[in-house]
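Step one of this worksheet: look at the structure below.
A note on names: the letters A, B, ... follow the listed sequences, proteins ahead of strands, and every chain is numbered from 1.
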Number of protein chains: 2
Amino acid sequence: MDRRQMKTREAIFDAFSALLSQKNYNKITVGEIIDLANIGRSTFYAHFETKDHLLQELCRTLFEHVFSDALDHELTHDFSLSNSNAHDLIAHTFYHLREDHQNILRILNCESSGTFLNFFKEDFTQHFSPLLSQLFLEKTIAVPKDFLMEHVNATFIHTVLWWIREDLKTSPETLADYYLKVLGIA
Amino acid sequence: MDRRQMKTREAIFDAFSALLSQKNYNKITVGEIIDLANIGRSTFYAHFETKDHLLQELCRTLFEHVFSDALDHELTHDFSLSNSNAHDLIAHTFYHLREDHQNILRILNCESSGTFLNFFKEDFTQHFSPLLSQLFLEKTIAVPKDFLMEHVNATFIHTVLWWIREDLKTSPETLADYYLKVLGIA
DNA sequence: TCGTTACAAAACATTGTGTTAGATATTATT
DNA sequence: AATAATATCTAACACAATGTTTTGTAACGA
């Protein structure tokens, strides 16, 4: 890929996420982005069809490897998920979020978090929910399966958001404890 | 208040929520609202400073009495909250949501739900969280109190959203069961 | 009935979106 | 090093939506 393309793409992403940490997504204009990224107007539209597409691509690139990396790393050893395995898996994901992806956390905490959560939720559901719901089913709680899956999902997101709001002062292991505790698996 | 004012205010609210059930909040234009409400442009701006203010006022008027009404009705009898009381209280709120406020449910389910959930969440937190967290503390789960409160909160919202998505086919009592079950109080 | 007030219609300035044209600079190719 | 390809920049453009203003009219309350 052309170096120029990569440079401007970088610049756009940087400017965009910088603006996102300051103001709501809906209030950000393309004009502001290109000013901060220091690129021409037509250049922006050569890269991204609309502002919505930019958001989508940013989320995709950010979230892409968080969950899958964590799972790959953990499941290499053991495919059957015990309680302690689940704890390690969750904790590992929290580590991953904290160390390698500060950008994700900053963006999840911005005013437009709702917009990002949809993407975040999708990835989480895809990778984790099946495994966790399997753990639950062993306990045979008398609620519908899809209700349970969404609960596991929503609780994970709420856990991450709480963590960010507490400025990541809780350790990944402890946070994984909290998560599994309120879910009743612990 | 002038009858004319009330009439146009009604018309604006009706048109707005009708549009919200069709498309995302951000995509709705003032032009569409005034066309559907059949009022003049200047009239709209005489009533609402911006589209955001309209949204805010709509949420306020819709959510205002849902939680407080439910609480008033229930707590008249008994201020100490036992497990069965909690179940009745939750179920009563679900009834309230279903019967008296179809508008709320339709709006919570629209594409812009994230926007409304902030208001919804506020009201719920204000009225319910203290009572429910009290129930939890008796069980002395080893997680921080504010984490627990937010969990109770987020789970309620997720429960309502799941209910809507299932087209309200679950009875309020059963739904209250589900809610308390996944919270571990049941 | 009379003063007040809400409304409609239309024009208006302003801002943001997305497109297009030609000129310039950077890149990969030979 | 010369060349072809292409990413970029400046600038102007049409378009849509926002929010304001003006003027005339109709509905309201007293």
Would you kindly give the [atom1]-to-[atom2] distance between [X] and [N], to the nearest whole Å?
X       : N      : atom1 : atom2 : answer
B:His53 : D:dT18 : NE2   : P     : 15 Å
A:Lys51 : C:dG18 : NZ    : P     : 9 Å
A:Ile34 : D:dT8  : CD1   : C1'   : 13 Å
B:Lys27 : C:dT17 : NZ    : C1'   : 11 Å
B:Ile33 : D:dA17 : CD1   : P     : 12 Å
A:Ile28 : C:dT15 : CD1   : C1'   : 17 Å
A:Asn26 : C:dG16 : CG    : P     : 14 Å
A:Ile39 : D:dA7  : CD1   : P     : 14 Å

(message) So for A:Arg4 and C:dT26, does any side-chain atom that can act as donor or acceptor lie under 3.5 Å from a complementary atom in the base?
(response)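 Pair found.
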(message) For DNA chain D, which residues of residues 42-50 of chain B approach it to below 4.0 angstrom with any heavy atom?
(response)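 Heavy-atom cutoff 4.0 Å gives B:Ser42, B:Tyr45, B:Thr50.
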Check: [X] ring centroid to [Y] ring centroid under 6.0 Å:
X        : Y        : value
A:Phe16  : A:Phe44  : no
A:Tyr178 : B:His151 : no
A:Phe147 : B:His158 : yes

(message) Go nucleotide by nucleotide along DNA chain C from the 5' end; which of B:Asn38 and B:Arg41 gets its closest nucleotide reached first?
(response)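 Result: B:Asn38.
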(message) Which residues end up grouped with B:Met6 if you chain together Ile, Leu, Val, Met, Phe, Trp and Tyr wherever their side-chain heavy atoms are less than 4.5 Å apart?
(response)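 Reading the cluster by chain and number, B:Met6 sits alongside B:Met1.
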(message) Please determine whether a side-chain nitrogen of the Lys or Arg among A:Lys121 and A:Glu150 lies less than 4.0 Å from a carboxylate oxygen of the Asp or Glu.
(response)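 Judged by the 4.0 Å cut-off on N to carboxylate O distance, A:Lys121 and A:Glu150 do not form a salt bridge.
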(request) Taking only Lys NZ, Arg NE, NH1 and NH2, and the carboxylate oxygens of Asp or Glu, determine whether A:Glu10 and A:Lys7 approach each other closer than 4.0 Å. (result)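 A salt bridge is absent here (no side-chain N lies under 4.0 Å from a carboxylate O).
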(request) Report yes or no: does B:Lys51 contribute a side-chain atom to a donor-acceptor pair with the main-chain N or O of B:Tyr25 at less than 3.5 Å? (result)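 It does hold such a pair.
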(request) Using only side-chain N and O atoms of B:Arg3, determine if any of them is under 4.0 Å from OP1 or OP2 of D:dG29. (result)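 For D:dG29, OP1/OP2 do have a side-chain N/O of B:Arg3 under 4.0 Å.
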(message) Heavy-atom nearest nucleotide on DNA chain D for B:Val30 versus B:Lys7: which residue maps closer to 5'?
(response)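 In this pair, the answer is B:Val30.
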